[in-house]
There are 2 protein chains.
Amino acid sequence: MTIQLRCFGESGNAYKAALTLELSGLEWEPVFVDFFNGATRTPDFRALNPMGEVPVMVDGNYVLSQSGAIQDYAAEKSGRFGWADGNARREVLRWLLFDNHKISGVAGPLRFNMNFLPEEKRNAEVNAFMSMRLGSALKVLDANLGGRDWLVGGGPTIADFATCGYLFYGEPFGFDRATYPNIDRWLGRISGLPGWTHPYDLMPGSPADRA
Amino acid sequence: MTIQLRCFGESGNAYKAALTLELSGLEWEPVFVDFFNGATRTPDFRALNPMGEVPVMVDGNYVLSQSGAIQDYAAEKSGRFGWADGNARREVLRWLLFDNHKISGVAGPLRFNMNFLPEEKRNAEVNAFMSMRLGSALKVLDANLGGRDWLVGGGPTIADFATCGYLFYGEPFGFDRATYPNIDRWLGRISGLPGWTHPYDLMPGSPADRA
């Protein structure tokens, strides 16, 4: 049975799950969710995911939301990009949480506000606050990547595929790879993995495609 | 060996770990971190946790940061408030991530900005933006608690002790229990658990104690 992922190209959170499914070699397909026209606010979508967010994974009867939980499921099912023991699993978890809280959790709304919100609704002070927070978190990430190739252990894990969720997008949100050399090299290692695909190519159907 | 938790009373993130350690019956003690005087920015603290945050747990030679990872460790070590199988573990993970991203990840900085930041640095527009985001997430939480006592399964888990992290504090941050009746009743169930303790009592040494 082909795993379905409800997603759209602009969502870095969806990308984390899509990239993990793709690189782990599981049979899956993206199902476009028309977020910008309110699809995640419909009763049908809320019945699938009461949290009202993409991504949502449907594998037969098993429905799962939250990118990190889907990544966890894909790692267990494929036997790839996971952990060797409980301590390594918690190391991965540390990065999933740090990313959700301080990197993607800030980069997501900041990029939305700077690029997809109507001009007249954009708020410079709100964006400056989020930029400051994102910069602090990216400094921590850059320092942690000094002298190591991957966030946990000796190879790529779902921790890397989570934390990079928003960092391949071209729209401006105050992130410049040149400012963070360790992040820059690490993103190069991720995009060098066999099968790596940019979010807009992995999850087609977005306004970016139609433009 | 007594588990040490580096923490301070004002941190709802630290509270999640402290409450889990306390309720699970593990032998532990809080070690006060003087956050408001820069203790988390010192080289010693950064050596312990390169993410620069509380809480940090030290159990013998094992050092672990991120509240959710510490909760995971405490659940495994004590055999309490965890999960029966992989699917239940991912249900718990979904809530840890949703909380980190949308509840505590917003309530934390909002409460800080509204109460602990010097008056002249407070920004009404930033706070309004965060209040709006927090309100949306609390509505999702309230809806999910309709007709059920606990977030995952039939009893309390670390998902509950994570998501309530900031919700027992009295300082104003735009959260009023009366607005969210299901959250209100759920918080009552949590504070009714044997051994439940308020964050300022569980993690002494904070400015609130000295006031």
Side-chain angles (χ1 to χ4, degrees), chain A residues 13 16 46 49-53 57 62-73 75-77 86-87 89-106 108-110 113 121 123-130 132-133 136-137 139-146 162, chain B residues 13 16 46 49-53 57 62-73 75-77 86-87 89-106 108-110 113 121 123-130 132-133 136-137 139-146 162:
Chain A
N13 291 312
K16 302 169 191 180
R46 293 277 163 156
N49 179 15
M51 288 170 176
E53 303 169 319
M57 185 199 77
Y62 189 50
V63 177
L64 187 63
S65 78
Q66 288 294 328
S67 59
I70 298 169
Q71 292 187 296
D72 178 296
Y73 179 77
E76 188 169 290
K77 184 158 180 155
N87 285 6
R89 185 174 63 75
R90 276 185 290 272
E91 278 304 294
V92 167
L93 178 56
R94 284 178 68 232
W95 283 102
L96 294 187
L97 292 166
F98 183 77
D99 170 65
N100 262 260
H101 184 170
K102 297 207 164 165
I103 300 180
S104 295
V106 180
L110 176 58
N113 286 4
K121 291 193 176 173
N123 184 310
E125 295 187 59
V126 168
N127 292 351
F129 177 74
M130 287 199 284
M132 180 269 290
R133 283 182 66 79
S136 300
K139 266 185 219 157
V140 168
L141 176 62
D142 197 67
N144 272 274
L145 285 165
Chain B
N13 292 311
K16 302 169 192 180
R46 294 276 162 157
N49 180 14
M51 288 170 176
E53 303 169 320
M57 186 199 76
Y62 188 50
V63 177
L64 187 63
S65 79
Q66 288 293 328
S67 59
I70 298 169
Q71 291 186 295
D72 178 296
Y73 179 78
E76 188 169 292
K77 184 159 180 154
N87 285 7
R89 184 173 63 75
R90 277 186 289 273
E91 279 302 297
V92 167
L93 178 57
R94 286 179 67 231
W95 282 102
L96 294 186
L97 292 167
F98 183 77
D99 170 66
N100 263 259
H101 185 171
K102 298 208 164 164
I103 299 180
S104 296
V106 180
L110 176 58
N113 287 2
K121 291 194 176 172
N123 185 310
E125 295 186 58
V126 168
N127 292 351
F129 176 75
M130 287 199 285
M132 179 268 292
R133 282 181 66 79
S136 300
K139 265 185 222 158
V140 168
L141 175 62
D142 197 67
N144 272 274
L145 285 165

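Here is how names work: the chains are called A, B, and so on, in the same order as the sequence lines, proteins then strands, and each is numbered from 1.
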- [ ] Give the minimum heavy-atom separation between B:Arg94 and A:Ala69, together with the two atoms involved.
- [x] CG-CB, 3.8 Å
Open item on the list: If we define contacts as heavy-atom pairs under 4.5 Å, which of A:Met51, A:Glu53, A:Glu125 has the most with chain B?
Closed with: A:Met51
Task: Contact origin within B:Lys139 toward chain A - heavy atom pairs under 4.5 Å - done: neither
TODO: Flag the one option from A:Val126, A:Asp99, A:Asn144, A:Ile70 with the top tally of heavy-atom pairs under 4.5 Å to chain B.
DONE: A:Val126
- [ ] Please state whether the side chain, the backbone, both or neither of B:Leu64 comes within less than 4.5 Å of a heavy atom of chain A.
- [x] side chain
- [ ] Give, for atom CG of A:Leu97 and atom CG of B:Asp72, the distance between the pair rounded to the nearest 0.5 Å.
- [x] 9.5 Å
TODO: Return the option, out of A:Lys102, A:Arg89, A:Glu91, with the maximum number of heavy-atom pairs under 4.5 Å with chain B.
DONE: A:Arg89
Task: Contact class of B:Asn87 relative to chain A, heavy atoms under 4.5 angstrom - done: both
Task: Side chain / backbone / both / neither for B:Leu93 at chain A, heavy atoms under 4.5 Å - done: side chain
TODO: Of all the heavy-atom pairs spanning B:Arg133 and A:Gly105, show the shortest one and how long it is.
DONE: NH2-O, 4.3 Å
- [ ] Examine whether an atom of B:Tyr73 lies under 4.5 Å from a heavy atom of chain A, and if so say whether it belongs to the side chain, the backbone or both; otherwise answer neither.
- [x] both
Task: Top contributor to chain B contacts, counting heavy-atom pairs under 4.5 Å, from A:Arg90, A:His101, A:Gln66 - done: A:Arg90
Task: Which atoms of B:Asn13 approach chain A - backbone, side chain, both or neither, heavy atom under 4.5 Å - done: side chain
Open item on the list: I'd like to know which of A:Asn100, A:Leu96, A:Val140, A:Asn113 tops the heavy-atom pair count under 4.5 Å against chain B.
Closed with: A:Asn100
